Amino acid sequence: MDIATKSPDAGQSPSPTPFLTDVETLRSRARQHIEEGAVTAGYELDAREVCKVLNDALATEIVCVLRYRRHYFMAQGIAAESVKAEFLAHANEEQEHADEIAGRIVQLGGEPDFNPAGLVSRSHSEYIEGESLRDMIREDLVAERVAIDSYREIIGWIGDRDSTTRKMLEGILAVEEEHADDMASLLQGVREPS
Ligand SMILES: [Fe+2]
Ligand SMILES: [Fe+2]
């Protein structure tokens, strides 16, 4: 029997299916609470809770944008040119992450929090300016490692209950891992100032 195309017969209760909802129920559920947009009755998480977690991730990304941009403008010295380019590229990618996360928060019926007040306390990673080029790279590496662990934890918490948010975060996590790898390589090539 093809369970995917089965619908209830008139006067008969639908026979139980292992994992698929019959088409009538799907259609009538979709008409309820349509103001909730992408958040349907089948959404397995508390969308408000997901938005709160995503807003913390948004704050983390914004802090990373600001820190990398500060480092881009402040990097000086013989070794700085290639490092500056890396700082700028990372700043721009962190901005893309922030935009992706903000967009998903709106899809889930929430509001992205761009309020500068409390930004640093909402963020997982810190805003540390660093004195030398080496300090800057080290602080960026630490921040990336914080972001990696927090994204990994959020992805584990979401599990299979919201595959769209999970996939978005998995994509971001992969980039944070590249960022950490870039910073670790740069750190090897930049000496402590004498
Ligand atoms: Fe990021
Ligand atoms: Fe990053």
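Please read all numbers here as calculations on a predicted model, not as lab measurements. Start at 1 and go down the list; that is how both ligands and their atoms are numbered.
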For the Fe ion (ligand 2), what is the number of protein N, O or S atoms at a distance under 2.8 Å? 5
For Glu61, what is the atom name of its N, O or S atom nearest to the Fe ion (ligand 1)? OE1
Main chain of Glu129, side chain of His71: is a donor-acceptor contact present, judged purely on distance under 3.5 Å? yes
Please tell me whether His90 and Asp140 have a donor and an acceptor in their side chains that are separated by less than 3.5 angstrom. no
State whether a side-chain donor-acceptor pair under 3.5 Å links Asp99 with Gln95. yes
More than 12 non-hydrogen atoms from neighbouring residues, nucleotides or ligands closer than 6.0 Å to CZ on Arg145, yes or no? no
If you look only at pairs with a residue in residues 165-179, which of them pass as a side chain to side chain donor-acceptor pair (under 3.5 Å), with sequence neighbours excluded? Glu93-His179, Glu94-His179, His97-Glu176, Arg104-Thr165, Glu144-His179, Arg152-Glu177, Asp160-Arg166, Asp162-Thr165, Arg166-Glu170, Glu176-His179
Closest approach of Ala98 to Ile62 (non-hydrogen atoms, all atoms of both residues): CB-CG1, 4.5 Å
